[in-house]
Each structure stands twice: as C-alpha cells, then as structure tokens.
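The sequence lines fix the lettering, A, B, ..., with proteins before strands; numbering per chain opens at 1.
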2 protein chains.
Amino acid sequence: MSQSANSPQPNIDQAEDAVRATGARMTRPRVMVLAVLLEAERALTHTEVEARLPRAAEVDRVTIYRVLEWLTARGLAHKIAGDDRVWRFNAAAHAHAGPHAHFQCSDCGEVICLQEAPARPALKLPAGYQPQRVELTVKGLCAHCVPAKPRARAAARHSH
Amino acid sequence: MSQSANSPQPNIDQAEDAVRATGARMTRPRVMVLAVLLEAERALTHTEVEARLPRAAEVDRVTIYRVLEWLTARGLAHKIAGDDRVWRFNAAAHAHAGPHAHFQCSDCGEVICLQEAPARPALKLPAGYQPQRVELTVKGLCAHCVPAKPRARAAARHSH
DNA sequence: TTATTATTGCAACTTTATTGCAATAATGGG
DNA sequence: CCCATTATTGCAATAAAGTTGCAATAATAA
Ligand SMILES: [Mn+2]
Ligand SMILES: [Mn+2]
Ligand SMILES: [Zn+2]
Ligand SMILES: [Zn+2]
C-alpha cells in the first residue's frame, strides 16, 4: 500500500523518453501531460488532465488541448469520442498498441480500453465507400454506476 | 427520374401516422421533423434537419433539439454519436428496426446505417461492469470523399 | 366552447474546443 | 556558454453544439 502508485516520477521519466524519441522539442507541457495519461487507469478528458496536472506545472488550458492533439498525432496517445461530446485520451503505451475495443459508461461517461481486438465482421459497404478502421464500443454501466440493489435508480451523478 | 423522391408529402403522411400512434399530441414540429428524417438517405445533424425544414414550417431551433430527443425516446428515430461529437439522427422506420452497425466518413462526417447486425464478440468486461449494447462503427471515406486518383489529397472539405 | 396542460418560442447560458497573434523558450551552431 | 532561429506557449476572443427557465401558445378532452 505504498503511495508510489500516485507518484508521477517514474511516469515523468517514461514520458520524457517518449517525447524525446519523437525527435521534436521536449517541453514541460508535453512531458507533464503525457505523464498524467500514463498514470491514469482510464481515458481522461481534457478537464481531467487539467485537474491532475500539478499546480506547479502551470500549463495553459489551450496548451493542454494542443498537446493532447500532438500526442495523438505522434501515436503517443489515442483519443476516443464518447456519447457525451467529450474527447477522452489514453496513453498509447498502456498495453494498447494495436486496435482494441472500448467501454463507455452511459451514466458517468467513463471510458476504459478493452483488451480483445474486435474480430472484424467484414461489413459490406455501399459502392465507392472505403473502410479504414472499425470501432467497437460497449455501452453500459461501470462498476461505480451499477446500482447495488435495484433501487436508488435516479441517484445523483458521481464524479469518481 | 420523377421529382417525387423530393416531395415530402408521402413522408408527412407517414410521419403523422407514426406520431399519432404514440398516443402523444400531434404537433407540426414533430411531424415535419420526422418527415425530414424519413426523407433523408442518411443520418442528419440538427443543423441539417433545420436546413431541410420548409421555411413555412417556422420551427424554432430549440424545438428541433427537443423534438429529435423526443423522437428518439419514442423509438421513432435513433441517434448516433460520431467522431465530430455531433449527434446525427435517422428515422427508425428506415428498415433499421433492430441493432445495426454504422459507417462514418472521417473526412466529411457523413453517417449511414449498415444492414448487418454486428455479431456480438462477447467482450470481457472488468468485474462489476454491466454491458447494455454494443456499438460498431466503420470509419473510412465515403464515396464523395474517396479521391478519384491518388492525388489531390488535401482537397477542401465539401458539404454534400 | 372552454379548460387543462403538454409543447413551443425566445433569450440567456453552458460546455467543449478552436483560432490569431505576440511572447517565450528549446535547440543547434558558433 | 551565448545567440539566433523558430517551434511552442499563453492569452483573449470566437465558434459550435446543445441546454435551461419561463411565459406564451395550442392540442386535446370534457
Ligand atoms: Mn483505447
Ligand atoms: Mn442507424
Ligand atoms: Zn459510470
Ligand atoms: Zn465524406
């Protein structure tokens, strides 16, 4: 039960390595944001990333948006569009190199990556349409939002 | 090649029947919006619905939002969340009664319904997670956005 | 016709994300 | 180590999609 699971240090090191490996400039916002994603156990929204950045980091809101975009373009992260109009980001190194399915809670919006790669069912497209990738998302209730007993249905939204 | 495919009249009749069948009040916004959806060959955004409503209909922006929500709740339409975080709506009567997959163009955002029902690959969820439904979306380029020849890649966005 | 109340219209507001541009700072060369 | 170059960043303004509160309107039942 050490608190090391919450210590960003090792993730910062890993983030630095990853950013350096791209050949682009290594900046504090890039390293800190990636470290936050590496530390997360699930996909994070822009707001969540902002909240998890140490105060001392002092990264601007817009910069976070741009860094998340940048990380995604470089393959260091990937983003998922959910039902709630919010992008969620996950570090690519999270044992999710290839394509994989996602789960989204229809109550709180939480998104997690699932392991199994969706077995492409070879869907038929109209003439002239060109497939690129298949996205498989399971909708349902996360462990936090599943009611313990079949009552207290309309409970207030929680924030995890 | 008659222009009847563009005439909303038969769809208006069908829409009236569908709205009446719900038992709720039959209003012009509900009928007109549903008629627009029935006439569409693909899923429409709120903005597209607004643009296709006849001027004479004079339906308020907010009412369109509410009617689309209402149609979805009654099962007369269904909505799809795309990568551009915009809801798109499709009349449920469009031969899409049950669950089905979707296609979204990664260039222009167009969404169409696909026929085949995704063969549920029975994904394994973490303990305590409760699946409800599976969404399968094929990303790619629609017929309008597929480049005729492998050049002119960065062409300007079209609007269909 | 009239009463009831579900719907609608309107204005203000919220949330999420984007854009323009000047200021800052990461890197490479001297 | 210092300077020049220019990729990044911060800040303010703006955009786009959708929501909310509430008074006015109109669909239905009596
Ligand atoms: Mn993922
Ligand atoms: Mn559909
Ligand atoms: Zn949840
Ligand atoms: Zn397209």
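Salt-bridge check for A:E48 with A:R88: failed, with every basic side-chain N at 4.0 Å or more from each acidic carboxylate O. With respect to A:K139 and B:E135, a salt bridge is recorded, a charged nitrogen being found less than 4.0 Å from a carboxylate O. For A:R133 and B:D83, the salt-bridge test passes: some basic side-chain N is under 4.0 Å from an acidic carboxylate O.
Distance B:R30 CZ to D:dA26 C1': 12 Å, rounded to the nearest Å. Straight-line distance from the CG atom of B:D84 to the C1' atom of D:dG18: 14 Å, rounded to whole Å. Atom CZ of A:R74 and atom C1' of D:dA7 are 11 Å apart (whole Å). Distance A:K79 NZ to C:dT16 P: 16 Å, rounded to the nearest Å.
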query = Once each nucleotide of nucleotides 17-30 of chain C is scored for protein heavy atoms under 4.0 Å, what B/S/- sequence comes out, 5' to 3'?
reply = BBBB-----BS---

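Across all non-hydrogen atoms, the minimal contact from B:N90 to B:R42 is OD1-C, 4.0 Å.
No engagement by A:E50 is indicated, since no non-hydrogen atom pair under 4.0 Å with the nucleic acid exists.
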task = Output, in order, the C-alpha distance, side-chain angles, deciding distance and verdict of ring-ring contact (aromatic ring centres under 6.0 Å, His included) for A:H78 and A:F89.
result = CA-CA 6 Å; A:H78 71 277; A:F89 297 82; 9.0 Å; no

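Side-chain contact of A:E110 with B:Y129: a donor-acceptor pair under 3.5 Å is present, judged by distance alone.
Axis angle, first five pairs versus last five pairs of the helix from C:dT1-D:dA30 to C:dG30-D:dC1: 30°, rounded to 10°.
The backbone N or O of A:L141 sits nowhere less than 3.5 Å from a side-chain atom of B:Q130 that would complete a donor-acceptor pair.
For A:E58, there are no salt bridge (charged side-chain N to carboxylate O under 4.0 Å, His left out) partners, not counting sequence neighbours.
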